[in-house]
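Quick caveat, the model's predicted, so the values are computed rather than measured.
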Amino acid sequence: QVQMVESGGGMVQAGGSLNLSCVVSASILSFKFVGWYRQIPGEERDLVAEMTRAEVPTYADSVKGRATISRDDAKNTVNLQISDLKPEDAGVYYCYTRRSFSITSAAWGPGIQVTVLA
C-alpha cells in the first residue's frame with residue numbers, strides 16, 4: 001500500500017514559519033489529490049491544504065494568505081509552508097493522498113506533531 005513519511009514538525013515560534021515535507025512511496029502524479037490535514041485532540045481531522053494533479057490548490061480559511069502547498073514530482077514529495085504562525089496552527093499534521101473523489105480512496109501518513117511557542 002501507499003506509505004507516507006512526514007518531516008519538519010516540532011516546536012516553532014509564533015510569528016515564524018513552518019515547513020513540512022511528506023515523502024510518498026508512489027508517484028504523486030498517480031493521485032487525484034495530495035495534501036495535508038490537521039487534528040487537535042478531541043477534534044475532527046480537518047483539511048489544511050490540498051492540490052489536484054493540475055496543481056490547483058485549496059486552503060482552509062484559517063491559513064489562507066499564509067500557506068503554500070507544493071510538490072516535487074521527481075522526489076515524490078508534497079510540501080506545506082505556513083508563515084506567520086499562530087497558536088491555532090498547532091496540532092498533528094497528516095499527509096494524505098487520494099486516488100479519486102471518494103474519501104475511501106484516501107491514504108494517510110502517521111502524523112507529525114507541530115507545537116507553536118508563544
Side-chain angles (χ1 to χ4, degrees):
Q1 293 186 338
V2 175
Q3 295 183 343
M4 288 146 280
V5 179
E6 302 102 337
S7 63
M11 297 182 180
V12 189
Q13 296 181 157
S17 62
L18 174 70
N19 292 279
L20 300 178
S21 295
C22 171
V23 179
V24 184
S25 65
S27 173
I28 58 175
L29 296 178
S30 66
F31 301 101
K32 189 76 170 181
F33 300 93
V34 296
W36 294 86
Y37 276 64
R38 180 178 64 224
Q39 187 168 30
I40 300 172
E43 303 287 342
E44 293 184 341
R45 186 179 299 182
D46 294 324
L47 176 71
V48 178
E50 67 178 2
M51 65 190 307
T52 68
R53 273 197 290 263
E55 301 186 52
V56 179
T58 299
Y59 297 102
D61 289 341
S62 61
V63 299
K64 283 183 178 178
R66 300 188 296 119
T68 301
I69 186 171
S70 62
R71 72 187 193 216
D72 188 327
D73 298 344
K75 298 180 179 179
N76 292 324
T77 301
V78 182
N79 304 304
L80 177 67
Q81 177 180 286
I82 304 177
S83 61
D84 298 325
L85 286 169
K86 305 179 184 300
E88 66 185 33
D89 295 323
V92 178
Y93 283 72
Y94 296 86
C95 181
Y96 94 100
T97 61
R98 185 150 56 98
R99 294 190 181 277
S100 73
F101 286 104
S102 175
I103 192 64
T104 62
S105 69
W108 303 90
I112 187 167
Q113 178 73 47
V114 173
T115 302
V116 180
L117 302 176

L18 and Y94: same hydrophobic cluster, using ILVMFWY side-chain contacts below 4.5 Å? no

Using side-chain heavy atoms (C-beta onward) and a distance below 4.5 Å, is D89 in contact with R38? yes

Short side-chain to backbone donor-acceptor contact, R66 and D84, under 3.5 Å: yes

Measure from NZ or CZ of R45 to the centre of the six-membered ring of Y37 and say whether it is under 6.0 Å with the direction within 45° of the ring axis. no

Search all heavy atoms of R53 against all heavy atoms of F31 and return the closest pair with its distance. CG-O, 2.8 Å

F33 side chain reached by T52 side chain, heavy atoms, under 4.5 Å: yes

With rounding to the nearest 0.5 angstrom, report the CG to CD distance, D73 to E55. 6.5 Å

Just verifying a value: how many Å separate T115 OG1 and M11 CE, rounded to the nearest 0.5 Å? 5.5 Å

Judged by atom type as modelled, is there a donor-acceptor pair below 3.5 Å linking the side chain of R99 to the main-chain atoms of A107? no

Smallest heavy-atom separation, W36 atom then Y96 atom, equals N-CD2, 3.8 Å

Stepwise side-chain contact (heavy atoms from CB on, under 4.5 Å) check, L20 with V114: CA-CA 10 Å; L20 300 178; V114 173; 4.3 Å; yes

Test side-chain contact (heavy atoms from CB on, under 4.5 Å) on T97 and I28; report intermediate values, then the result. CA-CA 8 Å; T97 61; I28 58 175; 5.8 Å; no

Could you grab the distance from atom CD1 of I82 to atom OG of S17, nearest 0.5 Å is fine? 10.0 Å

Using side chain to side chain donor-acceptor pair (under 3.5 Å), reason through S21 and T77 one step at a time and then give a plain yes or no. CA-CA 7 Å; S21 295; T77 301; over 6 Å; no

Hphob cluster co-occupancy, L47 + I112, side-chain heavy atoms under 4.5 angstrom: no

Side chains of N19 and N79 in contact at under 4.5 Å (non-hydrogen atoms): no

With rounding to the nearest 0.5 angstrom, report the CG to OG distance, N76 to S27. 5.0 Å

Nearest-0.5 Å distance that lies between atom OG in S25 and atom CD in Q1: 9.5 Å

Looking at E6 and C95, would you say the former's side chain and the latter's main chain have a donor-acceptor pair under 3.5 Å? yes

Non-hydrogen side-chain atoms of Q39 and E44 separated by less than 4.5 Å: no

Go through Y59 and I69 one step at a time and tell me if the side-chain contact (heavy atoms from CB on, under 4.5 Å) criterion holds. CA-CA 9 Å; Y59 297 102; I69 186 171; 3.5 Å; yes

Taking atom OH of Y93 and atom SG of C22, what is their separation to the nearest 0.5 Å? 14.5 Å

Would the distance check show the side chain of R98 and the main-chain N or O of I103 forming a donor-acceptor pair, the cut-off being under 3.5 Å? no

Going only through I, L, V, M, F, W and Y residues with side-chain contacts under 4.5 Å, is there a path from V92 to V12? no

Dump the intermediate steps for side chain to side chain donor-acceptor pair (under 3.5 Å) on S102 and S100, then the final yes or no. CA-CA 5 Å; S102 175; S100 73; 4.8 Å; no

